[in-house]
Amino acid sequence: MKNISKTYEAGKYEDEIYKLWENSGFFSPDKIKSKKKYCNVLPPPNANGELHVGNASGYVFMDIFGRYHRMKGEKTLLLPGKDHAGILTQVVYERKIKEERNITRHDLGREKFYKEAYDFCIDRASYMRAQEKKIGISADWSREKFTLDPDVLQIALETFVNMHKDGMVYRGERIINWCPRCATALSDLEVIHKETDGKLYYVRYPIKDSKKFITVATTRPETMLGDVAVAVNPGDLKYKDLIGKTAVLPLVGREIPIIADKRIDREFGTGAVKITPSHDALDWEIGNDHKLETIQVINEEAKITKLGGKYEGQGVLEARGNILEDLEKLGLLEKTEETKINVLICERCKNTIQPLISKQWFISVDAKKYSLKYESLKAVKNNKIKVYPENFRKTLIQWFSNLRDWCVSRQIWWGPRIPVWYCKNCGEDKYIVSIKKPDKCPLCKDPKLYQDPDTFDTWFTSGQWAYSTLGYPEGKNFKEFYPTDMMVMGRDILFFWSARMIMMSLYRTGKIPFKNLYFTGLIRDKEGRKMSKSRGNGINPLEMIDKYGADALRLSVFSGVTPGQDSRIYEEKIESFRNFVTKLWNIYRYCISSSENFELVGSIYEKEIKTLADKWIINELNKIILVVTSFLENKDISLAQEALRKFTWDQFADWYLEIHKIEKNEKVLGYVLDKILKLWHPFTPFVTEKIFQDLAEGKKLLMVEKWPVADGKMIDKKAEKDFKNLQNITTKIRNLRASYGISPSVIINAYSEKIENNREIIEKLARVKIILEKPEVKMIKISNLNLDIASLIDVKKETERMEKEIKNLESAILKTENLLKNEKFIKSAPEKIIEDNKNRVLEYKEKISLRQNLLEDLNQL
RNA sequence: GGGCAAUUAGCUCAAUGGCUAGAGCACCUCGUUUACACCGAGGGGGUUAUAGGUUCGAGUCCUAUAUUGCCCACCA
């Protein structure tokens with residue numbers, strides 16, 4: 001036997017194996033000749049950090065599907081990419097230059113900042129690529145794309161131009177979510193609602209020419225500086241007489257109307273609401289409908305503007321304090337209540353959002369010429385895309401149904417700029433949409449045009465990932481691989497990404513972006529908490545790979561995991577999968593130790609399958625090939641792994657190899673190992689390839705070996721039954737031993753009237769000695785073996801145990817027999833189920849008779 | 001407020017309407033038999049959250065209830 005270590009030393013081989021795959025050229029689909037194709041455009045990781053276990057998990061799923069299809073002989077392309085990740089990268093990079101150089105982006109200027117951020121992004125990207133390779137992802141790196149690559153970007157920008165032509169783009173002053181820290185507008189999705197403790201202030205607004213007041217309730221009293229009305233519900237009797245009257249805004253003195261609007265909730269607060277269209281989304285809508293003016297009193301830095309009078313320049317919270325104090329002095333602050341309020345915070349930097357009115361670019365989702373909303377809904381509802389798990393379809397439908405116009409402009413510097421040009425003479429009301437800078441203004445012919453300073457929402461470009469990376473519309477990759485087959489993503493970016501990909505792809509290509517959409521859950525820590533840097537509870541995938549190997553990490557992120565459901569990961573779990581990898585390794589060690597010239601066997605003749613154990617393991621192997629394949633086809637990779645592990649460990653290692661020590665059959669051993677390596681390869685590519693390389697002496701590559709196909713002729717029901725018998729006898733004897741503390745070193749004498757075919761096997765596995773002459777002692781009969789253990793066991797205890805087991809079996813039989821007597825069951829149940837039940841009764845009866853014989857024996861002792 | 005999910009062994013989770021509801025970890029007993037102690041043999045542990053219903057048959061489908069988590073949302 002070759003001198004190899006008892007455990008698989010992952011760290012020693014993994015990089016080498018990865019290089020072997022990479023150099024083979026089979027990561028590229030071009031080397032495979034087949035009409036069948038498989039393509040998965042890999043989601044870009046954020047190009048600015050470390051690979052975390054969530055990313056790693058996603059890639060493992062994609063790689064398993066990819067490797068499976070590649071082994072099925074399909075032209076397989078896993079196309080990797082990088083995302084510039086607009087706001088996130090800008091936030092990270094700004095933080096970095098602040099920490100390292102104590103400067104802001106303004107110190108650098110736009111151009112320099114962009115260049116530095118670009119270099120930073122590229123640098124992180126190559127760093128992360130090295131990490132992705134560590135988990136074994138079989139992607140075609142030669143086709144790698146970046147959202148800012150000129151060709152990819154060109155396609156994305158063209159979409160904007162096309163949308164503009166189709167009347168789907170408009171620029172408008174609207175209320176938007178403004179992050180004062182990031183100094184940009186945000187879409188609704190980028191804003192988090194966080195419930196916090198807050199206060200509800202009741203403020204009295206005097207009624208003009210009257211001594212009365214109308215009391216409004218507000219959580220943000222500083223916005224009152226911009227109030228333009230007080231609104232009540234038209235059906236609210238309390239305020240019926242006040243509608244149409246005028247209130248005088250305290251501290252400001254502005255006269256504002258009291259209006260009626262049905263959107264006002266009578267039950268909340270006092271039922272009267274101050275209306276500040278510049279700083280509240282609902283107020284903006286109400287203001288718009290009632291044609292009220294807008295007064296911006298809070299600026300982009302979250303400070304009070306000039307229009308805020310004496311509070312000008314104060315921060316929002318500072319102004320709030322002063323205003324409350326001043327109201328108090330005037331006796332206009334009626335009361336203060338504790339309440340829960342929804343604070344809006346920026347998803348990226350966690351600062352409080354200020355709703356502001358701002359001029360932004362919007363994409364209409366329901367334009368006349370093309371409705372993104374309707375077309376997406378239609379595609380999703382009509383099952384054009386298979387969704388795993390299926391119930392996530394509902395979530396998508398709900399989101400598309402409630403879809404509102406999409407604000408795509410951001411005021412950040414990092415990212416592609418909106419392709420819109422203005423002329424100084426003609427003003428910004430006139431603009432030209434063009435990717436290239438036009439020579440001159442089409443109106444006044446002035447050549448001095450300038451570009452809109454805004455950049456795109458990151459999701460505008462990544463939403464086009466499915467076709468832009470493939471080179472829409474003329475690219476070879478696009479023609480060959482679009483629509484793609486698979487998209488895997490975390491459920492947390494369902495709306496951000498999958499929804500936008502569906503909608504953008506349908507618009508641009510007229511086709512769905514992918515046929516299958518698979519959602520993974522989030523990976524949490526052992527206590528079920530989200531992993532976060534600040535909490536320090538994250539599992540670092542690279543550290544785990546160092547410690548336990550990539551295969552163990554891979555197993556631990558998808559095993560026991562249901563699509564779309566969150567899962568937990570912790571070191572003990574990874575460790576136990578490492579143990580399985582070691583098991584695989586030792587199976588290999590056994591094989592090569594069993595004979596000098598052990599080799600993998602691709603196909604086998606029936607005559608080479610000799611013993612009962614041979615027939616049985618081949619039978620089980622063919623069953624497991626069917627099972628694993630069908631689970632994989634259904635995308636149930638966790639179940640596939642589970643079934644395969646049971647076969648490998650519980651059947652092949654624990655039974656077949658043990659028996660193989662007694663009756664060697666190198667052909668069958670080599671044949672089964674060959675199939676096991678292939679079946680495991682998508683899940684644990686490194687260890688399987690390593691073993692395969694050692695055995696194939698580098699002549700072939702497991703990665704592109706053919707996926708095993710089950711052979712119906714190899715199914716052998718009789719062998720299955722006979723072997724089960726053998727297992728039963730063995731287990732029963734072991735069971736007796738364990739119950740009565742009979743050491744394995746004690747060889748039990750057994751007498752058999754009929755010499756067993758599998759005499760030696762039973763002798764070895766059950767540690768008995770089968771003798772041919774009946775000895776003159778009382779014996780206990782198990783199946784057709786008479787065991788001489790009377791003196792070793794506790795008769796009373798064993799009798800009780802047998803009785804208990806018989807009782808259990810009897811009740812199971814009763815249940816099944818009743819079922820079989822039931823006419824309705826016989827009438828409506830499928831044939832196979834009835835058959836199974838009948839067999840089950842027989843099986844139980846057999847077991848009972850075995851135990852009854854035992855009982856009789858026991859009684860005679 | 002709307003929606004989605006979860007609730008199964010001590011813990012983490014499986015289970016395609018059909019086998020006595022299964023694994024891994026943990027626990028208990030025994031065991032270093034030259035593949036593996038990162039192991040092997042065996043064992044204990046369950047009213048599948050609760051209450052109804054559909055069905056020949058329900059952990060699985062339906063209806064409520066409870067608890068937990070998540071997502072969406074313009075009650076200031």
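So that the names make sense, note that chain A is the first sequence line, chain B the second, and so on, each numbered from 1. All values below come from the heavy atoms of this structure, side chains included, with hydrogens, waters and symmetry mates left out.
Outside the 6.0 Å centre-distance limit, the rings of Y8(A) and F686(A) are not counted as a close aromatic pair.
Protein atom CZ of R801(A) is 13 Å distant from nucleotide atom C1' of G44(B), rounded to whole Å. Here C71(B) presents its P atom at 17 Å from CG of N402(A), a figure rounded to the nearest Å. Summarising the geometry, the separation between CG on L555(A) and C1' on C13(B) is reported as 16 Å, rounded to the nearest angstrom. The NE2-P distance, from H193(A) to G2(B), rounds to 17 Å in whole Å. One atom, CD1 of I637(A), and another, C1' of A14(B), lie 15 Å apart when rounded to the nearest Å. One can place CZ of F580(A) at 14 Å from C1' of A23(B), the figure rounded to the nearest angstrom.
Ion pairing of D566(A) with R491(A) is present here, as a side-chain N (NZ or NE/NH1/NH2) and a carboxylate O approach within less than 4.0 Å. Ion pairing between R578(A) and E575(A) holds under the 4.0 Å rule for side-chain N and carboxylate O. Between K724(A) and E846(A) there is no salt bridge, since no side-chain N of the basic residue sits under 4.0 Å from a carboxylate O of the acidic one.
At C74(B), none of the side-chain N or O atoms of R263(A) fall inside 4.0 Å of OP1 or OP2 (strictly under the cut-off). Side-chain nitrogen and oxygen atoms of N342(A) include none within less than 4.0 Å of the OP1 or OP2 phosphate oxygen of A73(B). Contact annotation: T562(A) reaches the phosphate of A14(B) (side-chain N/O to OP1 or OP2, under 4.0 Å). When the side-chain nitrogen and oxygen atoms of K6(A) are compared with OP1 and OP2 of C36(B), one or more of them lie within a distance under 4.0 Å. Regarding contacts with the backbone of U12(B), a side-chain N or O of R568(A) is found under 4.0 angstrom from either OP1 or OP2. Between N837(A) and C19(B), a side-chain N or O to OP1/OP2 separation shorter than 4.0 Å is absent. Within the 4.0 Å cut-off from OP1 or OP2 of C74(B), at least one side-chain nitrogen or oxygen of R404(A) is found. Put simply, Y844(A) has a side-chain N or O that comes within less than 4.0 Å of OP1 or OP2 on U20(B).
Stem regions annotated for RNA chain B: B:1-7 with B:66-72, B:10-13 with B:22-25, B:27-31 with B:39-43, B:49-53 with B:61-65, counting only runs of 3 or more consecutive pairs of Watson-Crick or G-U type with both contacts under 3.5 Å.
Of the residues in residues 645-657 of chain A, those lying under 4.0 Å from RNA chain B by heavy-atom distance are R645(A), K646(A), W649(A), A653(A), D654(A), L657(A). Contacts between residues 277-285 of chain A and RNA chain B, defined by a heavy-atom separation below 4.0 Å, involve L282(A), listed by number.
Contacts of D836(A) with the nucleic acid, taken as non-hydrogen atoms under 4.0 Å apart, are absent.
Annotation: side chain of Q641(A) is not in contact with side chain of F580(A) (no heavy-atom distance under 4.5 Å).
Judged by distance alone, with hydrogens and angles left aside, R578(A) brings a side-chain donor or acceptor within reach of the base of C38(B), the pair sitting under 3.5 Å. Side chain E658(A) to base A35(B): a donor-acceptor pair is found below 3.5 Å. Interface remark: the K394(A) side chain does not form any donor-acceptor pair with the C4(B) base, using a distance-only criterion of under 3.5 Å.
A cation-pi arrangement, defined by a distance under 6.0 Å to the six-membered ring centre and an angle within 45 degrees of its axis, is present between R734(A) and W655(A).
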